[in-house]
Student: 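The structure follows.
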Amino acid sequence: MNVGIIGSGGREHAICYMLNKSKKVSKIFCFPGNAGTGLIAENVNLDLDNFSELEKLCTEKEIELLVVGPEKPLVNGIVDHFKGKSIKIFGPDKISSKLEGSKIFTKKICQENNIPTSKFKIFEDLKGTVNYLNECNFPLVVKADGLASGKGVYICKNFDDAKIASEEIFNGKFGSAKQILIEEFLEGEEMSYFIVTDGINYKFFGSAQDHKRVGEGDTGKNTGGMGCYSPSRLLSKDLELKIKTKIIEPTLNAINKSGGVYKGFLYVGLMIKNDEPFLIEFNVRMGDPECQTILPTLNTDLMDIFLSCCDGTLNLTNINFSRTKSVCIVLCSKGYPVEFENNIEIKDLEKLKLLKNQNIFHAGTLKTKNGFISNGGRVLNFVSTSDDFLKCRDETINLIKKLNWKNGYFRRDIGYKVIKI
Ligand code: AMP
Ligand code: GLY
């Protein structure tokens, strides 16, 4: 079967790599992909907002399954476009995708279903927001409602920070904003928990902890993710039961009741405090770099998982992960996430010798006739799996050192909470 993958990051390269191993997959097309996917699939550049154009291309290339990596097309209703057509599509529909597309939609589901999350208030204008902020204790969190490429969240230490954040949001920094969310600041340790669902049943799809800050010791600016380790050190049977019964099941039931059809990955972003889970956010896709970290530990054919989700038969598919640990370190362009240069040569990338427990997943890369060049802030994902987190990290760093990319920067402390040295 021919498959199309939408997206261009490390997550999509990891998905492409796993599908390429499946006997059920004939040819893979990536829309638009990156230099890494270009080595095993055909990259096609097209306007991803134009679903009809995409459909036409799928028909032409005999693509029978589309897998959607990032949230934007999902929130824009790509799955609804293909409803009732012969091309299967893996991802939640437009109603379900509001779980990521509108933080206020999610908070209301939490409120109506007693799902543990931070206390919150919604405001519709700056004046009302500022009046409320005058009465608040700090820190607190100010959030833009809609998609903001991970940037619409402000952790505010005092009134002035919160006022500036509210002004920026209402002034349209993240698109026209009719509403704003003010949240209580949750203390604890963050964890990401993943499931995959066919709209009826759901199954565990790994846990992870990522490092979002650019600097070692989790300092400095927020990024798309500097690295990640899996499994999370926090996960226990007891905690998992609470996550499922208090958060996931009521949410999936609420989505069903509201007429949504959720077939796809669900990323549950949690704060864990005293072994109790609190929902921070949902994402309607796999995480990046969590996906690159988790997929190399998957023993089940990923194509079987996608197809059984599309067909509503996930209960018949066993999903097995190896019990190994996994560490992913992101190699960025120097200066990311503020200012960085593109089009810098990455010499000898194809000559790097990987151990059999290692992968390199491309993100911001391009292939020219002379070799690979950088084309983004997060450039390459280096992953190692083994039975020990320290070994994973050491082997990953050794590989990055071998590449010795002069324009690169990476954090050497990924996984420091599970690696005591
Ligand atoms: P979000 O985009 O909602 O995941 O927020 C981005 C990051 O902000 C999260 O990963 C947390 O580190 C932090 N964050 C968001 N909401 C809260 C909260 N209510 N309390 C503490 N930290 C938060
Ligand atoms: N790693 C965070 C995200 O994918 O949103």
Side-chain angles (χ1 to χ4, degrees), residues 7-12 14-15 68-72 74-75 99-107 110 115-122 136-157 161-162 165 169 174 180-194 205-214 218-230 232 265-273 276-295 328-330 332 337 361 363 377-378 381 411 414:
S8 62
R11 171 182 50 211
E12 288 76 22
I15 291 172
V68 189
E71 64 279 8
K72 188 166 169 258
L74 295 167
V75 171
L99 284 176
E100 180 164 358
S102 166
K103 293 185 193 294
I104 292 175
F105 173 83
T106 298
K107 280 294 195 191
C110 290
I115 294 171
T117 188
S118 55
K119 294 194 190 85
F120 68 97
K121 283 213 180 285
I122 298 162
C136 287
N137 293 323
F138 290 86
L140 54 66
V141 188
V142 177
K143 293 185 178 181
D145 180 40
L147 283 189
S149 310
K151 295 199 179 80
V153 175
Y154 298 75
I155 312 285
C156 302
K157 290 201 189 79
D161 287 358
I169 292 172
F174 308 102
I180 199 170
L181 196 62
I182 310 288
E183 269 184 34
E184 162 203 20
F185 178 79
L186 290 171
E187 312 247 4
E189 188 168 329
E190 279 185 63
M191 169 185 147
S192 306
Y193 186 91
F194 299 90
F205 207 75
S207 70
Q209 286 180 247
D210 76 339
H211 296 268
K212 289 201 173 86
R213 303 298 191 98
V214 70
D218 295 325
T219 55
K221 288 217 175 306
N222 243 342
T223 71
M226 296 297 294
C228 181
Y229 60 96
S230 173
S232 159
F265 293 121
L266 176 65
Y267 169 148
V268 189
L270 298 161
M271 190 68 86
I272 312 297
K273 190 178 179 191
E276 287 297 325
F278 294 86
L279 179 73
I280 298 179
E281 59 158 358
F282 284 124
N283 294 312
V284 296
R285 51 174 174 82
M286 270 308 277
D288 184 333
E290 289 89 336
C291 188
Q292 299 87 297
T293 317
I294 291 171
L295 281 186
C328 170
I329 302 180
V330 176
C332 304
F361 298 120
R378 294 192 295 164
N381 303 266
R411 274 181 61 172
I414 299 302

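Computed from heavy atoms alone, side chains included, the values below leave out hydrogens, waters and symmetry copies. Whatever order the structure lists ligands and atoms in, that order sets their numbers, starting from 1.
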Student: For atom 5 (O) of ligand 2, what's the nearest protein heavy atom and its distance?
Tutor: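 Sorting protein heavy atoms by distance from atom 5 (O) of ligand 2 puts Arg285 NH2, 2.9 Å first.
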
Student: For the pair Glu100 (side chain) and Val284 (backbone), establish whether a donor and an acceptor sit closer than 3.5 Å, ignoring hydrogens and angles.
Tutor: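 Pair found, side chain donor or acceptor close to backbone of Val284.
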
Student: Which ligand 1 atoms, with their elements, are less than 4.0 angstrom from a heavy-atom of Phe185?
Tutor: 20 (N), 21 (C), 22 (N)

Student: Among all protein heavy atoms, pick out the one at the shortest distance from atom 18 (C) of ligand 1; state its residue, atom name and that distance to 0.1 Å.
Tutor: Val141 CG2, 3.6 Å

Student: Among Phe282, Phe194, Phe205, which residue meets the ring-ring contact (aromatic ring centres under 6.0 Å, His included) test with Phe265?
Tutor: Phe205

Student: Please classify the Ile155 to ligand 1 contact at 4.0 Å (heavy-atom distances, strictly less than): side chain, backbone, both or neither.
Tutor: side chain

Student: Kindly say whether Val330 contributes a backbone atom to a donor-acceptor pair with the side chain of Arg378 at under 3.5 angstrom?
Tutor: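 Checking the backbone N and O of Val330 against the side chain of Arg378, no donor-acceptor pair under 3.5 Å is found.
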
Student: Heavy-atom contacts with Glu190 under 4.0 Å: which atoms of ligand 1 show up? List them by number with element.
Tutor: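 Heavy-atom distances to Glu190 below 4.0 Å select 9 (C), 10 (O), 11 (C), 12 (O).
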
Student: Could an N or O of ligand 1 be found under 3.5 Å from any N or O of Leu186, whether backbone or side chain?
Tutor: yes

Student: Between the main-chain N or O of Tyr267 and the side-chain N or O of Asn283, is there a donor-acceptor pair closer than 3.5 Å?
Tutor: no

Student: Quick one: does Asp145's side chain have a donor or acceptor within less than 3.5 Å of a partner on Ile180's backbone?
Tutor: no

Student: With a cut-off of 4.0 Å, which atoms of ligand 2 are near a heavy atom of Glu290?
Tutor: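 Those qualifying, in numeric order: 1 (N), 2 (C), 4 (O).
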
Student: With heavy atoms of Val153 as the reference, note each atom of ligand 1 found under 4.0 Å away.
Tutor: 1 (P), 2 (O), 3 (O), 5 (O), 8 (O), 15 (C)

Student: Any heavy atom of Gly287 closer to ligand 2 than 4.0 angstrom?
Tutor: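 Yes, Gly287 has heavy atoms under 4.0 Å from ligand 2.
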
Student: Would a distance-only check, ignoring hydrogens and angles, find a side-chain to backbone donor-acceptor pair under 3.5 Å from Thr223 to Lys212?
Tutor: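 The answer is yes, because a donor-acceptor pair under 3.5 Å joins these two groups.
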
Student: Give a yes or no answer on whether the side chain of Arg213 reaches the backbone of Gly220 with a donor-acceptor pair at less than 3.5 Å.
Tutor: yes

Student: Within a distance under 4.0 Å of any heavy atom of Lys103, pick out the atoms of ligand 1 and give their elements.
Tutor: 2 (O), 3 (O)

Student: Which one of Glu281, Lys119, Lys143 has a non-hydrogen atom at the shortest distance from atom 15 (C) of ligand 1?
Tutor: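 Looking at heavy atoms only, the winner is Lys143.
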
Student: Nearest 0.5 angstrom please: Ser192 OG to Met286 CE, how far?
Tutor: 9.0 Å

Student: Could you find the nearest protein heavy atom to atom 19 (N) of ligand 1 and give me its residue, atom name and distance?
Tutor: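 I find the closest protein heavy atom is Glu183 OE1, 2.7 Å.
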
Student: Under 4.0 Å from ligand 1, counting heavy atoms only, is it the side chain of Glu187, its backbone, both or neither?
Tutor: neither

Student: Under the 3.5 angstrom rule, does the side chain of Lys107 hit a backbone N or O of Ser118 as a donor-acceptor pair?
Tutor: yes

